[in-house]
Amino acid sequence: MPLRAASVFSVSALLLACGGSVGQDAGTGGSNPGGAAGVGGAVGGAAGFGGSTGGSAGSAGSGTCTRTTDHFSAQIAPAWGEPASCAPGGPAADWTGTGAVVKSAPTALVIDQCPPNADCMPGLTSIEIAAAGLSLMIPVGAFVEVRHEVAPAWGSCSERMSIRSVKDWGGVPNPVSDGNWIYLLATDGTFQALPDSPFSVNAKALGCGGGGPGCGGDPPDDYALVFNVGPGDPGTTVHMGETLGMSAGSGFFLVRNQRSFQTAYCDDYWNWSWWATQVHPEK
C-alpha cells in the first residue's frame, strides 16, 4: 500500500495562534466557536465527521477600529501516517497529502489517497476546516494536494494551510483542473502566507491604540492586512471582518481578514488570521 501522506519536520518562526488563556479579556475569545455541519457520514467506511465553521461572522464591512476575533483551524485524519501536530517546545510539523476528492462540503472534504495507478484499498483522509465565512467549492473527482503546517509557541500552535489542484497524479491527468487552481490558503497565529502563495501579506497599523507600550514586536494596535501580488501593486487592504475580491496572477480570489490586532499583553501576540479562496471572476 503506497504511503502518500508524509510528516516533515522543519524549524519555523511562526507566532502563537488558536486562542489561549492569557489576555482573552482583550478580545481573543478562545478558539473556534460555532459549529455548522460538515461532511456527514463516510465513504467506504471512513469515519464520518461534522466540521465546524468556527468564530463569529464578523462585521460585513469593518470600520477602521472595529475588532473581530475569528479563528482558522484544521483537523486531518489521514489514511496513513500521522497528521501534523505540535507540542510546547517541540518542532514544527508539516503534513502533505495528495488524493482524489470523493466527498466535498463548504468546510470539509474527504480525499482518497490511493493513486489511480496503484492496486490498493481506498485510503480515505478526512479534512475538517473551521473559519468564519468560508465556503469551499472543491469538485468531487478533483486531484488535490493538501498541506497543513503547525508550529508550537507558548503552549498552543500557529497554523498555515493550502489546498491546491495538481496537474496529474499517478500518471493520470486531473479530470477537473489543469493543476493551477488554489482552493484554499489560510493562516492562524501569523499573517505570513506559505512560501508558494501567489501574494504576500503585511500588517498595517491603524492608529487605534492598544493600551500601553507593549512588549516588543508589533506595537499594540488594530491592524489591517494588505495583500500584495508584487512590484507595482498598491495592495488590497482588508480590515477585520471584511471579505474582499482581488486578482493575483491569473486568478481571482476572495480574501477575508479574520483578526489582526496586537494587545499590550506580552504573551498575546497570536491575533492574526486570514483565508483566501480562488473563485471564477463572474461569481
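Here, residue 1 is the first one in the sequence, and each next residue gets the next number. Keep in mind the model is a prediction, meaning the values are calculated, not measured.
The minimum heavy-atom distance between P220 and A264, with the atom names listed, is CG-CA, 3.8 Å. Closest approach of S162 to L185, counting heavy atoms only: CB-CD2, 3.5 Å. The minimum heavy-atom distance between A151 and A92, with the atom names listed, is CB-CB, 4.0 Å. Pairing each heavy atom of C120 with each of P115, the nearest pair is SG-CD, 4.2 Å.
Taking CZ of R256 as the start and OG1 of T243 as the end, the distance is 4.0 Å to the nearest 0.5 Å. Remark: R67 CZ to R259 CZ distance equals 11.5 Å, nearest 0.5 Å. From R147, atom CZ reaches atom OG1 of T96 across 6.0 Å, with rounding to the nearest 0.5 Å. Taking SG from C208 and CE from M240, the interatomic distance works out to 7.0 Å, rounded to the nearest 0.5 Å. One finds the CE atom of M246 at 10.5 Å from the CG atom of L254 (value rounded to the nearest 0.5 Å). Taken from CD1 in I127 to CD1 in I138, the straight-line distance is 8.0 Å, to the nearest 0.5 Å.
Remark: F199 pairs with F227, F253, W274 by the ring-ring contact (aromatic ring centres under 6.0 Å, His included) rule, at least two apart or across chains. Taking S197 as the reference, nothing meets the side chain to side chain donor-acceptor pair (under 3.5 Å) condition, with sequence neighbours excluded. Checked against side chain to side chain donor-acceptor pair (under 3.5 Å), W275 has no partners two or more places apart in sequence or in another chain. With sequence neighbours left out, the side chain to side chain donor-acceptor pair (under 3.5 Å) criterion links T277 to no other residue. Under the side-chain contact (heavy atoms from CB on, under 4.5 Å) criterion, S135 pairs with P106, not counting sequence neighbours. R164 pairs by the salt bridge (Lys or Arg N to Asp or Glu O under 4.0 Å) definition with D196, not counting sequence neighbours. Looking at residues two or more places apart in sequence or on another chain, you find a side-chain contact (heavy atoms from CB on, under 4.5 Å) between A205 and D221, Y223. Judged as a side-chain contact (heavy atoms from CB on, under 4.5 Å), and not counting sequence neighbours, the contacts of V226 are K204, T237. Scanning for side-chain contact (heavy atoms from CB on, under 4.5 Å) contacts around S200 gives N202, N228, with sequence neighbours left out.
Looking at V201, N257, T190, L225 one by one, the single match for side chain to side chain contact (heavy atoms under 4.5 Å, CB included) with W272 turns out to be L225.
Checking side-chain atoms of Q278 against main-chain N and O of I182 turns up a donor-acceptor pair under 3.5 Å. The closest donor-acceptor contact from the side chain of T125 to the backbone of A79 lies under 3.5 Å. Of the possible donor and acceptor atoms, none in the side chain of T68 sits under 3.5 Å from a partner among the backbone N and O of D70. S273 contributes a side-chain N or O that, together with a main-chain N or O of T187, makes up a donor-acceptor pair within less than 3.5 Å. No donor-acceptor pair closer than 3.5 Å links the side chain of E145 to the backbone N or O of V166. Panel note: side chain D188, backbone E159; no donor-acceptor pair is recorded below 3.5 Å. Under the 3.5 Å distance criterion, the side-chain polar atoms of S165 are matched with a main-chain donor or acceptor of W181. Judged purely by atom type and a 3.5 angstrom limit, D112 uses its side chain to pair as donor or acceptor with the backbone of G123.
A salt bridge between R160 and D94 is absent, with no side-chain N of the basic residue lying under 4.0 Å from a carboxylate O of the acidic one.
Under the ring pair (Phe, Tyr, Trp, His ring centres under 6.0 Å) criterion, the residue pairs touching residues 113-151 are F143-W169, with sequence neighbours excluded. For residues 129-144, no residue pair satisfies the salt bridge (Lys or Arg N to Asp or Glu O under 4.0 Å) rule, not counting sequence neighbours.
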| task | Take M161 and I76 through the side chain to side chain contact (heavy atoms under 4.5 Å, CB included) test and state the conclusion after the steps. | result | CA-CA 11 Å; M161 189 175 198; I76 298 178; 4.3 Å; yes

